[in-house]
Every structure is written in C-alpha cells, then in structure tokens.
Amino acid sequence: MRKITVIVSLLGILLIASSFVQSKNLPQTMVRGKALYTTYCMSCHMEDGKGMENVYPPLAKSDFLKKPAKDLIENILKGQSGEVKVNGVVYNAIMPAQDYLKDEEIADILNYFTNAWGNKNLKLFTPAQVKKLR
Ligand code: HEC
C-alpha cells in the first residue's frame with residue numbers, strides 16, 4: 001500500500017514537472033514562431049491573424065484549430081485546397097505546401113499561432129510530430 005502511494009505521488013510530481021517544462025518552453029517557441037509567421041504566413045493570414053474574408057481564412061479564433069494536431073501539421077506541410085468553412089465563412093482557394101520549412105520551424109509556427117490573438121494551446125507541438133507526418 002505504501003509503495004503504491006509513493007509511486008502515485010512520484011507520478012504526480014513528474015506530471016506537474018513536465019507541464020511546467022512545457023509552459024516554460026512556450027515563450028521561446030512563440031518568439032521564434034512569430035518571426036517565422038511574419039516571413040511565411042503573414043502575407044495571406046495577416047498580422048492580426050484575421051486573414052481576409054472569403055479569400056484567406058482567419059487563424060485567430062479559428063474553429064479549424066479545434067482539429068486534431070495531426071490535421072493542423074498536415075495542413076501546413078502539404079498545403080490545402082478545395083472548399084473549407086472557417087467560422088461559418090466559405091473559402092475556396094489554394095494554400096501552397098510549406099514543406100520547405102524545417103520540422104522545428106513548423107512546430108514553432110504552430111505554437112505561435114495556436115497561442116496568439118486569443119488562441120490558447122498549452123499542449124505544444126514538437127518537431128518529432130512534424131517529422132513523422134512529412
Ligand atoms: C499564399 C497565401 C497563403 C500563405 C502564404 C499561407 N496560407 Fe494558410 N491558407 C491559405 C488559404 C487560401 C487557405 C484556405 C485553403 C482552402 O480554401 O482550402 C489556408 C488555410 C490555412 C489553415 C486552415 C484554415 C484556418 O484558417 O484555420 C491554416 C491553419 C493555415 N492556412 C495556416 C498557415 C500557416 C501557418 C502559414 C505559414 C507557414 C500559411 N497558412 C501560409 C493561404 C495561405
């Protein structure tokens with residue numbers, strides 16, 4: 001019984017520690033991600049992440065961001081075309097694949113825009129996740 005208590009509390013400490021490390025990493029990945037976003041995404045999705053209605057969908061408060069992490073990573077790696085509905089508005093244009101970006105760069109960009117402009121995502125994207133889907 002005592003052993004179990006010790007194991008459970010150790011696990012608890014580990015869990016708290018790992019979430020602390022994650023949130024500690026957030027400021028760095030956000031800074032790198034913002035610079036990359038400015039270079040590679042801002043021309044279409046705009047500085048405030050609001051895009052342009054009917055042409056470029058918003059990333060700020062986008063319901064698209066509720067999709068699984070895998071879908072978001074693939075959206076950036078492989079680009080996207082065809083009709084999509086984002087926050088009730090239809091878009092039908094072409095987003096070019098961004099696969100020239102490194103795994104770390106894509107993770108940083110994702111961590112930036114899923115935490116910018118009122119978006120919130122504490123489960124950080126990792127380069128390993130991107131690599132697996134490339
Ligand atoms: C040339 C313009 C262009 C660039 C550059 C671009 N996008 Fe897009 N993006 C689009 C378009 C257009 C769509 C919608 C495509 C469709 O109609 O299927 C889209 C869709 C998306 C979506 C899904 C819909 C949403 O709004 O939530 C995400 C996420 C996204 N882009 C992120 C990015 C990121 C991150 C970058 C930079 C690495 C980027 N885009 C660069 C034009 C662009």
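For ligands, and for the atoms within them, numbers begin at 1 and follow the listed sequence. Bear in mind that the values here come from a model prediction, so they are computed numbers and not experimental data.
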> Among all protein non-hydrogen atoms, which one is nearest to atom 26 (O) of ligand 1, and what is the separation to 0.1 Å?
Replying inline: P58 O, 2.6 Å
>> Using side-chain heavy atoms (C-beta onward) and a distance below 4.5 Å, is V90 in contact with N54?
In response: no
> How long is the span from the CG atom in D71 to the CD atom in Q80, to the nearest 0.5 Å?
Replying inline: 10.0 Å
> Looking at G82, which atoms of ligand 1 are within less than 4.0 Å of one of its heavy atoms?
Replying inline: 16 (C), 17 (O), 18 (O)
> Counting only heavy atoms not in F64, do more than 12 sit closer than 6.0 Å to its CZ atom?
Replying inline: yes
> With a cut-off of 4.0 Å, which atoms of ligand 1 are near a heavy atom of S81?
Replying inline: 18 (O)
> Under 4.0 Å from any heavy atom of N92, which atoms of ligand 1 are there?
Replying inline: 17 (O)
>> Side-chain heavy atoms nearer than 4.5 Å, only ILVMFWY residues, links allowed to pass through others: does that put L72 and M42 together?
In response: yes
>> Can you name the atoms of ligand 1, numbered from 1 with element, that are less than 4.0 Å from a heavy atom of P96?
In response: 1 (C)
>> Going by ring-ring contact (aromatic ring centres under 6.0 Å, His included), name the residues that satisfy it together with Y40, two or more places apart in sequence or in a different chain.
In response: Y100
>> For a distance under 2.8 Å, give residue and atom name for each protein N, O or S atom next to atom 8 (Fe) of ligand 1.
In response: H45 NE2, M95 SD
>> Can you name the atoms of ligand 1, numbered from 1 with element, that are less than 4.0 Å from a heavy atom of S62?
In response: 25 (C), 26 (O), 27 (O)
> Would you say F64 and ligand 1 have an N/O pair spaced under 3.5 Å apart?
Replying inline: no
>> At less than 4.0 angstrom from any non-hydrogen atom of Y40, what atoms of ligand 1 do you find?
In response: 5 (C), 37 (C), 41 (C)
> Heavy atoms, side chains only, cut-off 4.5 Å: are Y37 and H45 in contact?
Replying inline: yes
> Would you say E47 and T38 make side-chain contact, with heavy atoms under 4.5 Å?
Replying inline: no
> Hey, does L101 come in under 3.5 Å of ligand 1, counting only N/O atoms on both sides?
Replying inline: no
> By number and element, which atoms of ligand 1 are closer than 4.0 Å to a non-hydrogen atom of V55?
Replying inline: 12 (C)
> F113 and N119: which non-hydrogen atoms are nearest, and at how many Å?
Replying inline: O-ND2, 2.7 Å
> How far is atom 35 (C) of ligand 1 from its nearest protein heavy atom, and which residue and atom is that?
Replying inline: F113 CE2, 3.3 Å
> Given the rule in the side chain to side chain contact (heavy atoms under 4.5 Å, CB included) test, do V86 and Y91 qualify, once you have shown the distances and angles that lead to the verdict?
Replying inline: CA-CA 7 Å; V86 180; Y91 296 87; 4.0 Å; yes
> How far is atom 17 (O) of ligand 1 from its nearest protein heavy atom, and which residue and atom is that?
Replying inline: A93 N, 2.9 Å
>> Taking distance alone, with N or O pairs closer than 3.5 Å, would you say E83 contacts ligand 1?
In response: no
> How far apart are the closest heavy atoms of E53 and V89, and which atoms are they?
Replying inline: CG-CG1, 4.0 Å
> For ligand 1, which atoms sit closer than 4.0 Å to a heavy atom of Y91?
Replying inline: 17 (O)
> Who passes side-chain hydrogen bond (donor to acceptor under 3.5 Å, both in side chains) against E105, sequence neighbours left out?
Replying inline: none
> Does a side chain donor of either T29 or D108 reach within less than 3.5 Å of an acceptor in the other side chain?
Replying inline: yes
> Can you list the residues that meet the salt bridge (charged side-chain N to carboxylate O under 4.0 Å, His left out) rule with K78, with sequence neighbours excluded?
Replying inline: E74
